[in-house]
Amino acid sequence: MAHDSYDPHEIEPRWQALWADERAFVEPNPPPSELGQNERSIYVLEMLPYPSGELHMGHVKNYTLGDVVAHFRRRNGWRVLRPMGYDAFGLPAENAAIKEGGQPRAITERNIARIREQMQRMGWAIDWDREISTHRPEYYRWTQLLFLKLLERGLAYRKESLQNWCPNDQTVLANEQVLDGRCERCGVEVEKRSLEQWFFRITDYAEALLGEMDLLEQWPERVLTMQRNWIGRSEGAEVVFHVEGTEIDLPVFTTRPDTLFGATFFVMAPEHPLVPEIVAGRPEEEAVRAYVKQAQSRSTVEREEKAKDGVFTGRSVINPVNGERIQIWVADYVLMEYGTGAIMAVPAHDERDHAFARNYGLPIVQVIAPREGEVDVQSEAYVSSSADDVLVNSGEFSRLPSPEGKRSIVNWMSAVGIGEEKVGYRLRDWLISRQRYWGCPIPIVYCERCGIVPVPEGDLPVLLPEVSDFLPKGRSPLAAAEEWVATKCPSCGGEARRETDTMDTFVDSSWYFIRYCDPRNAEAPWDREIVDHWMPVDQYIGGVEHAILHLMYARFFTKALNDLGLLGFREPFARLFTQGMIHYRGAKMSKSKGNVVAPDEMIKRFGADAVRLNILFMGPADQDAEWQDSGVEGTSRFLGRLWRTVLEAAEKPARSKVTPLVRKAHQTIAKVTDDIDRRFAFNTPIAAVMELVNEINRDPDDAGVRFAAETAVSLVQPYAPHIAEELWQRLGHERLWQEPWPTYDESLLEQKTFELVVQVNGKLRDRIEVSVKASEEDLIELARSSPRVTALLEGKEVRKTIVVPRKLVNLVV
RNA sequence: GCCGGGGUGGCGGAAUGGUAGACGCGCCCGACUUAAAAUCGGGUGUCUUCGGACGUGAGGGUUCAAGUCCCUCCCCCGGCACCA
């Protein structure tokens, strides 16, 4: 009988409408009496999308992965929280407003409408009742409240310091947003500017961010490594050097206290605040001032590339371990941002100090020696962290092994009060101020009398006013909104001005996963009981590009909110899966490279199911993958084959006979279930279902055809839900999304016979079809009597026989 | 330099220490068709004297048996790096 042919464009919208009608994927919060009973509840979350007008392949991969997990869990009897929203503040909308005119708000709303529609066309099983967007007052009101909570606890603060400034985007950037001295967004080289800005004290959490990685057993190693690198913990000591002839003490941080006796000079960063005081009134003052000025005009990149230079200050410090006078220099190879902005220089054992010493003829004294052999520290620094090294020229500490030397010197220093153990971090506090318009206003007022005054919680939200000019001018466009800026001090009622900077958008996305649990709460950012019911997120899925930025900020927020008593957990994301990127024509698929394949185009041609199937069939989801133009054609062709195969099978009666096809179906259930659940592999289940369908076509008269076809449809549902529902219905059933996940019968996993592999000396010599009931002795006998084997055994003695039941026999001669 | 992840046909990739290359793409042959598309069937690692031999970045090792475990090395990708 002839069937209609597979038409995704007819099927897909119909089922999407039905899912919406029947509220198929809406998961309301449990009633208060059931909060906390969450054994069969799971929170599946994918990273919050930025709503550009266009869905891209990265989104398709991300949300289809989540979709498979969500469907799989739901059909296995779990309550699944799977929300969606938009990371809607940010520069692109503002830049679009500058370019095309209009308000960022309107542009953003338009883009959200478009991307939502595209997502709905993908058929993702999302609870749209929980939709949020970070740019709406109902959301950012609470972002502001959380800022105030952090402020109250001393975790938000304002300070003046040298910051990364992007001259293109006309705003400061957090350290995390600078790559190789360039703006992570636009690629322009960043400058240094001294500005007063708002920070979050993430460095207070450096230890927790490292230590509590234990709670993240399921995170990919590479992400943890990146975060560890970023935090950059190093153990050492802080040692105080006294500046001769002044009242000034200068502390330095060193990881090598065992080299203290080798400190032959001292270096301060050009930006060190005490440099002017040290040289004031001295003959060297002019030269030092000139050097500092020159250093400040050089970019970070320039500083690194040039030879190490510096200038003598005319002053000396006293080396506290041996009382020796050593010269103080100012040099820009010492960074103000790390440690104390000053170092003790040990040229014998540090390459940088060595280069500097050679340039200026400063003394080089060896204090570390290998246990055996000689090194010439005059020609090259001896940099080694070997436990076999010993101290030399170090007074009473000489001849101690290096690790012991470290300990002894630190102990002695803390006893006499000149130094102590100290841990240093590379991590800096998170700079959150942005001199841009389209972001969450910082709820702060500046009053001449009262200073920095937080906006009272009851006055939130501080609404973002509409302005007409978004062109960046080095200060926030909000500063031009005079009526908005001028306000009354909440504390004294006098004249005051609002903070005009907005928050980094990473603040918005550092707590959205919490809001999803209780998205319509108008009294508070969330109800803790509800949040503790769903959170932490059981399975988080997203791009590896957020390994440091978003994932570290969100971890910090969660810990801080936990310390504030607002949450009952320390880590936001229990399990993390990072997907690989999509490449096309040799480069990462991206708008800026001009090599995007629009999912929308693909849907128009092949339907959402084929696109979904293809993106996961491409390869292991955690690896980067090259987009193949012919790929979707392949999966589309498979869906056509599935369609025809199932419709033919639908005409056959259901029988309960155990046939080879029934066994194959059970094997496929086992394989698909294990792959999705335990291995988190999404490409191989598709191959397994393809195999099953091929098998059905190979033997369409097998009595198990109908069962096998139903199994194939059921197993493919998380990947291709539209065609699966349609076929399920045509097979005479109701709603497949509500159908329990198929189970397999362990006893049917084995075929009646198997192919016995016969090896001689480990080499494949023959394959024999054998009943699974054959005993070991039978197998050996069969193997030995194979004609191809007897020829090889001729005149030889079998020394050893290995039998792997139901697999192979290996005869060793 | 340090840390992490990789390296398998023409391509994407598959393989709890047990048949290397499942599944798909591409290509070749055939069927259907006036023809084409679609679809269906068959073939497709390399070499071969058609018996086989060789083959998972290179070289060693463990094992009855290694893509898989161990050692040495090469290459590619990512992170960190003037961080004291």
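Reminder, nothing fancy here: chain letters follow the sequence lines and each chain counts from 1. Side chains are part of it too, since the values below use all heavy atoms of this structure and drop only hydrogens, waters and symmetry mates. All values derive from a computational prediction rather than experimental measurement.
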Next on the checklist: For L727(A) and L647(A): C-alpha separation, side-chain torsions, deciding distance, then whether side chain to side chain contact (heavy atoms under 4.5 Å, CB included) applies.
Outcome noted: CA-CA 7 Å; L727(A) 289 173; L647(A) 291 190; 3.9 Å; yes
Item to check | side chain to side chain contact (heavy atoms under 4.5 Å, CB included) evaluation trace for V632(A) with V611(A) | outcome: CA-CA 6 Å; V632(A) 196; V611(A) 175; 4.3 Å; yes
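Base contact: K308(A) has a heavy atom under 4.0 Å from a base atom. Using a 4.0 Å heavy-atom cutoff across all strands shown, D350(A) reaches no nucleic acid atom at all. Using a 4.0 Å heavy-atom distance criterion, S234(A) is classed as a sugar-phosphate-only contact. Counting any heavy atom pair closer than 4.0 Å across all strands shown, V812(A) reaches sugar-phosphate atoms only and no base atom. In this structure, R765(A) reaches the sugar-phosphate backbone alone: every heavy-atom distance under 4.0 Å involves primed, P, OP1 or OP2 atoms, never a base. Heavy atoms of G631(A) sit nowhere under 4.0 angstrom from any nucleic acid atom. Residue N683(A) is in sugar-phosphate contact alone, with no base atom involved, counting any heavy-atom pair closer than 4.0 Å across all strands shown. Counting non-hydrogen atoms under 4.0 angstrom, R641(A) reaches the backbone sugars and phosphates but no base. Among the protein residues, P220(A) comes within range of no part of the nucleic acid, since none of its heavy atoms lies under 4.0 Å from any strand. Within the nucleic acid shown, R679(A) comes within 4.0 Å of sugar-phosphate atoms alone, with no base atom in reach, counting heavy atoms only. Across all strands, R352(A) comes closer than 4.0 Å to base atoms (heavy-atom distances). Across all strands shown, R637(A) has heavy atoms under 4.0 Å from sugar-phosphate atoms exclusively, and none from any base. Residue contacts for E337(A): at a heavy-atom cut-off of 4.0 Å it reaches no nucleic acid atom on any strand shown. Contacts of R233(A) with the nucleic acid, taken as non-hydrogen atoms under 4.0 Å apart, are absent.
Separation of the P atoms belonging to rA15(B) and rG67(B) is 15 Å when rounded to the nearest angstrom. Between rG9(B) and rG5(B), the distance separating the two C1' atoms is 24 Å to the nearest Å. rA20(B) and rU46(B) have their C1' atoms separated by 14 Å, with the value rounded to a whole Å. Comparing the same atom, C1', in rG61(B) and in rG17(B) gives a spacing of 16 Å after rounding to whole Å. Straight-line distance between the P atoms of rG57(B) and rG13(B): roughly 14 Å, to the nearest whole Å.
Remark: Y291(A) pairs with no residue by the ring pair (Phe, Tyr, Trp, His ring centres under 6.0 Å) rule, at least two apart or across chains.
Taking the O4'-C1'-N9-C4 or O4'-C1'-N1-C2 dihedral as appropriate, rG51(B) has a value within 90° of 0 and is therefore syn. Glycosidic conformation of rG55(B) is anti; the angle lies outside 90° of 0.
Checked against E271(A) for a salt bridge (Lys or Arg N to Asp or Glu O under 4.0 Å), the options R303(A), R298(A), K192(A) give a single hit: R303(A). Shown are I368(A), T259(A), V367(A); of these, the side chain to side chain contact (heavy atoms under 4.5 Å, CB included) with L391(A) is made only by I368(A).
At a threshold of 4.0 Å, the pair K306(A)-D332(A) counts as salt-bridged, since one of the basic side-chain nitrogens sits closer than that to a carboxylate oxygen. Under a 4.0 Å N-O distance rule, the pair E420(A)/K422(A) does not qualify as a salt bridge.
Here the nucleotide nearest the side chain of V757(A), chosen from rU39(B), rU19(B), rC64(B), is rU19(B). Here the nucleotide nearest the side chain of R426(A), chosen from rG13(B), rA81(B), rU19(B), is rA81(B). Listed nucleotides: rA20(B), rC82(B), rG79(B). Nearest to the side chain of I548(A): rG79(B). The side chain of Q623(A) lies closest to rG13(B), out of rC80(B), rG13(B), rA84(B). Closest approach to the T255(A) side chain among rG79(B), rA22(B), rA84(B) is made by rA84(B) (side chain taken as heavy atoms from C-beta onward). For E221(A), whose side chain is taken as the heavy atoms from C-beta onward, the closest listed nucleotide among rG4(B), rC23(B), rC80(B) is rG4(B). Proximity note for N810(A) (side chain, C-beta onward) versus rG52(B), rG13(B), rA65(B): the nearest is rA65(B). The side chain of N694(A) approaches rG24(B) more closely than any other nucleotide in the set rA22(B), rG24(B), rC82(B). In this structure, the nucleotide among rC3(B), rA22(B), rU19(B) sitting nearest to the side chain of E755(A) is rU19(B). Of all nucleotides listed (rA15(B), rC83(B), rG26(B)), rC83(B) comes nearest to the side chain of L335(A).
Using a 4.0 Å cut-off, some side-chain N or O of R788(A) falls inside it from OP1 or OP2 of rG52(B). A close approach under 4.0 Å does occur between a side-chain nitrogen or oxygen of R644(A) and OP1 or OP2 of rC40(B). The phosphate of rC54(B) has OP1 or OP2 within less than 4.0 Å of a side-chain N or O from K763(A).
Atoms CD (E769(A)) and C1' (rU19(B)) sit 13 Å apart, rounded to a whole Å. Between D674(A) atom CG and rA15(B) atom P there is a gap of 11 Å when expressed in whole angstrom units. One can place CG of N761(A) at 16 Å from C1' of rG52(B), the figure rounded to the nearest angstrom. What separates NZ of K800(A) from C1' of rC64(B) is a distance of 5 Å, to the nearest Å. The OH-P distance, from Y338(A) to rC80(B), rounds to 16 Å in whole Å. Distance CG (L779(A)) to P (rC64(B)): 21 Å, rounded to an integer number of Å. One interatomic measurement links the two molecules: CZ of F682(A) to P of rG24(B), which rounds to 21 Å at whole-angstrom precision. Rounding to whole angstrom units, CG of residue L613(A) and C1' of rC23(B) are separated by 12 Å.
Sparse packing is recorded around CD of E380(A), with 12 or fewer heavy atoms of other residues, nucleotides or ligands lying under 6.0 Å away. Around atom CD of E421(A), no more than 12 heavy atoms belonging to other residues, nucleotides or ligands sit under 6.0 Å away. With a 6.0 Å radius and a threshold of 12 heavy atoms from other residues, nucleotides or ligands, Q296(A) has its CD atom above the threshold. Around the CD atom of E797(A), the shell of radius 6.0 Å holds no more than 12 heavy atoms that belong to other residues, nucleotides or ligands.
Ring centroid separation for the pair F265(A) and F356(A) comes in under the 6.0 Å cut-off.
Within residues 262-269 of chain A, no residue places a heavy atom under 4.0 Å from RNA chain B.
Residues M213(A) and R555(A) have side chains in contact (heavy-atom distance under 4.5 Å, counting atoms from C-beta outward). Annotation: side chain of D353(A) is in contact with side chain of Y333(A) (closest heavy-atom distance under 4.5 Å).
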Checklist entry - What would the secondary structure line of RNA chain B be in dot-bracket form, counting Watson-Crick and G-U wobble pairs under 3.5 Å, with [ ] for pairs that cross earlier ones and | for pairs with another strand? => result (((((((..(((.....[....)))((((((.......))))))(((....)))..(((((..]....))))))))))))....
